[in-house]
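Side chains are part of it too, since the values below use all heavy atoms of this structure and drop only hydrogens, waters and symmetry mates. Below, read A as the first sequence line, B as the second, and so on, with proteins coming before strands; counting in each chain starts at 1.
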Amino acid sequence: MSSSDDDMPLASKPKTNGVNGASHAPISEAHISAKTDAALDKQLPSNGDVVPAVPNLEQDVSMEDAQHATTNGVKRKASSARPDFTEAESSDDEPLSKKQKTSRPSHAIESDSDDEPLAAKSNGRVRTISAADIGEEEDSDTPLTKKLVDQKQDIMKAAEKTAQVIKKEKAKEITKPQKKPAAKKVKKEESSDDEPLSKKAPPASKTKKVKAEAPAPTKGKGKGKAVKKEETEEPEDDEAEGETNWWDNPMKGDGENKWDTLQHSGVVFPPPYEPLPKNVKMKYDGVPVTLHPDAEEVAGFFGSMLNSTHNVENPTFQKNFFNDFKEILKKTGGAKGPNGDKIAVKDFSKCDFKPIFEYYDAQREAKRNLPKEEKKRLKVEKDEIEAPYMFCLWDGKKQKVGNFRVEPPGLFRGRGEHPKTGHVKARVQPEQITINIGKEATVPPPPEGHRWKEVKHDRTGTWLAMWQENINGNFKYVMLAANSDVKGKSDFEKFEKARRLKGHIADIRKSYRQELKDDLMVNRQRATAMYLIDTLALRAGNEKGDDEAETVGCCSLKYEHITLREPNIVEFDFLGKDSIRFHEEYPVDKQIFKNLRLFKKAPKKEGDDIFDRLTTTSLNKHLSNQMPGLTAKVFRTYNASWTFAQLLKEIKPGGTVAERVKAYNDANRRVAIICNHKRTVGASHAQSMEKMSEKIKGVKYQAWRVKQMMIDIDSKIKKKKGAEFFELPDDIDQEWILEHQAFLIEEQTNKITKKFEKDNEKLKAEGQKEMKQKELTERLGAVKELEQKFKKENKSKKVEAEGKSPSIDSLQKKLDALETRVANMSIQAEDKESNKEVALGTSKINYIDPRLTVVFSKKFDVPMEKFFSKTLREKFQWAIDSTKEDWDF
DNA sequence: CTTCAAGAATCTGAGATGGTACA
DNA sequence: CTGTACCATCTCAGATTCTTGAA
């Protein structure tokens, strides 16, 4: 490929310690030592002075904006307006010939507005369900509940059709990887014939044929052939594989439409609200108050999460909740005291939700303590009800649905300082839900007495149902699970795109380095941003509204988020996605430093955008010119996977499985750190760490004792092995030993006592006589012996060999076992510590090409299960099945 | 065999991206 | 025609809940 330094901006980041707050030198030597630097220095004086080499730029920045900031600004949405720091740029920036290439990539979509997209789009806001809607009309609670139960049955009946079809699919497809020949084929035909939908729709197999033929002119050939074979039934040849696994023919990506036929059972609604028992009430000013069920439900939202102090003690959360709560109180007749008198609920601090909390907590507890038989029964019951919704038929193939459950109402838990956190998230009504389904399919019936908002047949979408949520007006989609074909394919494409970037990265880097000195502000900002995205793995950073948490990414970095320190240190401190803090110090390329200083130059001040001439859209537009399909996020994928690949290559073969797994996890961790994937460290972490090291010391102590026993057996061994061998480990001293011995004795005592008590209970339960106290004393004799032994050892400084016929040999074996145990435990402990606030999962699931793991697993002979859980293996089945050992990212 | 924490699975909020209508 | 605001859809994220397996 390219020069090696071009290849590794991230891998050379010694960023491993980032989490611990130590500063590090993240920027690749390549960047820092780039010879361009010298040249740059000539053009751009290194000190406070203002980039004389780029007069235009200077002028641009310093002068204009005082005059034009207000007058010349383009109209912008108030909430996200960027102040103009320069004169409207369009005139001097854009005429550039560079711009010539605005032509869209050839694959630009020909607007195929297919079915009725416009109608759908023109729908106004979803009607939000007001309290009145939920309340007065449907007041009759019990009937409502019953109604819903009945509905459920109806739904199930309707869903049955789909379910039947799906079941059949299951029968034949569940075994897909195995090559079940002829019989399967036949069955398929049958099933499609007698499936209930056959009248309305082309049966599955037929559909497939259609699909296979349509794209045939291009690339559908393999598939078409396979289908044909299937039709003429060709058992063993195993077209089934070609048919069932898209990765056997991944190139057949057809364009616009995601499916030809689609049937599913819709969504599952959460159960209706069950009012609290009469004796459970929230208190206001110490008085239990009675609420309308709708208000009570809202009170319950808050009450049931009292243990989540993080939310419940957040003032914004309280305020938003309480406003909504008062609102619904107003609509439902307020709160009533014990005598039926009205009570004005005005003060949040006088509300006591504890009774509600205790009730729900007791419920949870009760549920937890249910006999496991009962638990199992309930689970089976639930599974049965949900079975029809769990899968859909996508082009005739059974696929798992991801989130078929409509989100239940509750309090919105916005992360960070979300202005809307705590607001009531309303119950979603069928009337808000749009169903997307094949024209040929049976539309799942809405709950009795309800209707869907709309039913559409949008083949360009991958979603099955959709609604709009009431807090932010966002859309929620029901889509397929991660192990489905669509998701898998798109995952595959994501990584392929990242791999393609490999071939362009050298050019891209060269180009943006050049542009770091560009005369045009836009270009210079863009290049600087690209550097940050490439080097620090920042996200693109779209603008956000006032009604969201104030988090940023690259393009939305603000003045106060970076601090510059001579000669070239940049300190980043900002909240990124999910309000996770990004706080790092980096030495950067000289030119970057200069640019950032320029972008922060007065009159810019706190709150102003650093990249005021840059938007994610323009950035991505530029990127896609450099490589079709390239966007900012691809860099994260690329750098994560590429880095991981390099790290894996550094791992030497050999060692135990545990060591290899650790090496893998270490690499994983490096990537997670690059991506700034964090988790909150649990309160119990330190304690559990302590416990662990105690345990390790315990085993070390055991090992030491065994060594002493060797001396006991063979006094000459001391010379043979060397005195050092028999010394106490560094972290163990006499004091500790005494403590530990006491601990061991106590532990033994407890254990024996407990056992004794239990045995007695058992005897009692069986109606037999309990053992006497004397028995216990007798049993505790063992402890006494132990105590004596320790005493003796402490005194004599010798350890008598234990066990029957102890020999040096047997002791050595024992010692070996103990030492491997120590080693394993130490590895575990290290792992845990370095892991405490890094979340490995996100990068493993989303950024690291799974094929790397597959190759590693094969080369190092470590079972996949060590790296991928069951779901992950399903999600990455395409990689597991199709990756050869010599594959490289 | 019970307990409890680690790890897996689920949930749903937060971003990225690209299209479209419109000024 | 150009740049935005808004919409729509999909990926990615940490917290929460559930399960499991080791002590």
Side-chain angles (χ1 to χ4, degrees), chain A residues 74-82 88-90 94 102 104 108-109 111 113 117-118 120-123 125 258 305 308 310-311 364 368 375 379 402-403 405 407-408 410 412-416 418 420-421 425 436 458 460-463 466 468-469 471-477 479-482 486-487 490-491 494 539-545 548-549 551-553 555-556 576-580 615-621 623-624 629 631-634 636-637 675-680 682 684 688 691 695 754-755 758 828 832 835 839-843 845-847 868-872:
Chain A
V74 189
K75 270 176 236 152
R76 285 175 176 136
K77 196 179 75 176
S79 64
S80 64
R82 292 157 170 261
E89 214 158 50
S90 39
E94 305 310 345
T102 346
R104 298 281 164 80
I109 316 288
S111 67
S113 15
L118 272 184
K121 272 165 200 153
S122 62
N123 280 326
R125 300 219 142 202
K258 302 294 196 343
M305 58 190 291
S308 172
H310 168 68
N311 289 300
R364 279 190 284 253
R368 197 175 323 129
K375 272 190 203 161
K379 177 143 197 308
N403 54 328
R405 275 179 276 262
E407 292 174 17
F412 176 70
R413 292 152 93 107
R415 316 265 175 90
H418 198 298
K420 293 190 175 178
T421 192
K425 190 167 102 167
N436 191 31
D458 178 4
T460 67
T462 68
W463 51 278
M466 180 210 91
Q468 197 168 18
E469 146 270 317
I471 307 277
N472 301 296
N474 290 333
F475 298 100
K476 300 285 195 158
Y477 294 86
M479 289 186 192
L480 296 199
V486 240
K487 295 290 186 185
S490 109
D491 216 24
K494 170 181 78 185
R539 295 188 184 82
N542 289 290
E543 288 296 330
K544 295 186 74 185
E548 298 174 273
T551 62
V552 300
C555 296
S556 47
K577 183 174 179 180
D578 290 305
S579 293
I580 296 295
T615 65
T616 52
T617 308
S618 65
L619 174 65
N620 281 338
K621 207 168 179 181
L623 290 175
S624 73
T631 63
K633 82 192 268 284
V634 180
R636 267 168 85 80
T637 312
C675 296
N676 202 38
H677 291 144
K678 292 186 182 167
R679 61 177 184 178
T680 51
S684 59
S688 124
K691 213 164 144 189
K695 225 178 237 166
K754 257 197 190 140
K755 173 102 163 50
K758 213 154 155 198
Q828 255 181 20
K832 186 172 174 169
N835 238 1
L840 301 192
T842 307
S843 50
I845 293 170
N846 298 303
Y847 287 104
F868 290 157
S869 66
K870 180 164 88 57
T871 31
L872 232 37

Grab the [atom1]-[atom2] distance between [X] and [N] for me, whole Å please.
| X | N | atom1 | atom2 | value |
| --- | --- | --- | --- | --- |
| Trp463(A) | dC10(C) | CH2 | P | 9 Å |
| Asn846(A) | dT11(C) | CG | P | 10 Å |
| Lys621(A) | dC1(C) | NZ | P | 13 Å |
| Phe868(A) | dA9(B) | CZ | P | 13 Å |
| His310(A) | dA15(C) | NE2 | C1' | 9 Å |

TODO: Specify the closest pair of heavy atoms between Thr631(A) and Leu623(A), including all atoms of both residues, with the distance to one decimal.
DONE: C-CD1, 3.6 Å
Open item on the list: On a heavy-atom basis, which atom in Trp463(A) and which in Asn436(A) lie closest, and how many Å separate them?
Closed with: O-ND2, 3.0 Å
Open item on the list: Among dC10(C), dG14(C), dC7(C), which nucleotide has an atom closest to any side-chain atom of Phe475(A)?
Closed with: dC7(C)
Open item on the list: Please compare Arg679(A) and Thr462(A) by the position of their nearest nucleotide in DNA chain C and report the one closer to 5'.
Closed with: Thr462(A)
Open item on the list: Pick the closest DNA chain C nucleotide for Thr680(A) and for Met466(A) by heavy atoms, then say which residue is nearer the 5' end.
Closed with: Met466(A)
Under 4.0 Å, heavy atoms only, any strand: does [X] hit a base, just the sugar-phosphate, or nothing?
| X | answer |
| --- | --- |
| Thr617(A) | nothing |
| Ile580(A) | sugar-phosphate |
| Met479(A) | base |
| Arg364(A) | nothing |

Task: Exceeds 12 heavy-atom contacts within 6.0 angstrom, atom NZ of Lys870(A) - done: no
For residues [X] and [Y], determine if any side-chain heavy atom of one lies less than 4.5 Å from a side-chain heavy atom of the other.
| X | Y | value |
| --- | --- | --- |
| Glu469(A) | Glu407(A) | no |
| Cys555(A) | Leu619(A) | yes |
| Tyr477(A) | Thr462(A) | no |

Tabulated below should be each protein N or O lying under 3.5 Å from an N or O of nucleotides 18-23 of chain C; please produce it.
none

Open item on the list: When you measure from the side-chain N and O atoms of Lys494(A) to the phosphate of dC12(C), is any distance below 4.0 Å, counting only OP1 and OP2?
Closed with: yes
- [ ] Compare side-chain N and O positions of Ser490(A) against OP1 and OP2 of dT11(C) and report whether any pair is under 4.0 Å apart.
- [x] yes
Can you tabulate the close N/O pairs, meaning under 3.5 Å, that link protein atoms to atoms of nucleotides 2-7 of chain B?
from	atom 1	to	atom 2	distance (Å)
dA6(B)	OP1	Lys832(A)	NZ	2.5

Any N/O pairs under 3.5 Å between the protein and nucleotides 10-17 of chain B? List them or say none.
from	atom 1	to	atom 2	distance (Å)
dC11(B)	OP1	Arg405(A)	NE	3.3
dG13(B)	OP1	Lys425(A)	NZ	3.1
dG13(B)	OP2	Lys476(A)	NZ	2.7
dA14(B)	OP1	Arg415(A)	N	2.7
dA14(B)	O4'	Asp578(A)	OD1	3.4
dA14(B)	O3'	Asp578(A)	N	3.4
dG15(B)	OP1	Lys544(A)	NZ	3.4
dG15(B)	OP1	Thr551(A)	OG1	2.4
dG15(B)	OP1	Asp578(A)	N	3.4
dG15(B)	OP2	Lys544(A)	NZ	2.5
dA16(B)	OP1	Ala540(A)	N	3.1
dA16(B)	OP1	Gly541(A)	N	2.9
dA16(B)	OP2	Asn542(A)	N	3.0
dA16(B)	OP2	Asn542(A)	ND2	2.9
dT17(B)	OP1	Thr631(A)	OG1	2.7
dT17(B)	OP1	Ala632(A)	N	3.3
dT17(B)	OP1	Lys633(A)	N	2.7
dT17(B)	OP2	Asn620(A)	ND2	3.0
dT17(B)	O5'	Asn620(A)	ND2	3.4

Open item on the list: Against Thr551(A), only a single residue in Lys544(A), Arg415(A), Arg539(A), Lys577(A) fulfils side chain to side chain donor-acceptor pair (under 3.5 Å); can you say which?
Closed with: Lys544(A)
[X] side chain vs [Y] backbone, donor-acceptor pair below 3.5 Å:
| X | Y | value |
| --- | --- | --- |
| Lys420(A) | Ala549(A) | no |
| Asn403(A) | Met479(A) | yes |
| Thr421(A) | His418(A) | no |
| Lys258(A) | Thr460(A) | yes |

Task: Straight-line distance of Lys633(A) NZ to Asn846(A) CG, nearest 0.5 Å - done: 9.0 Å
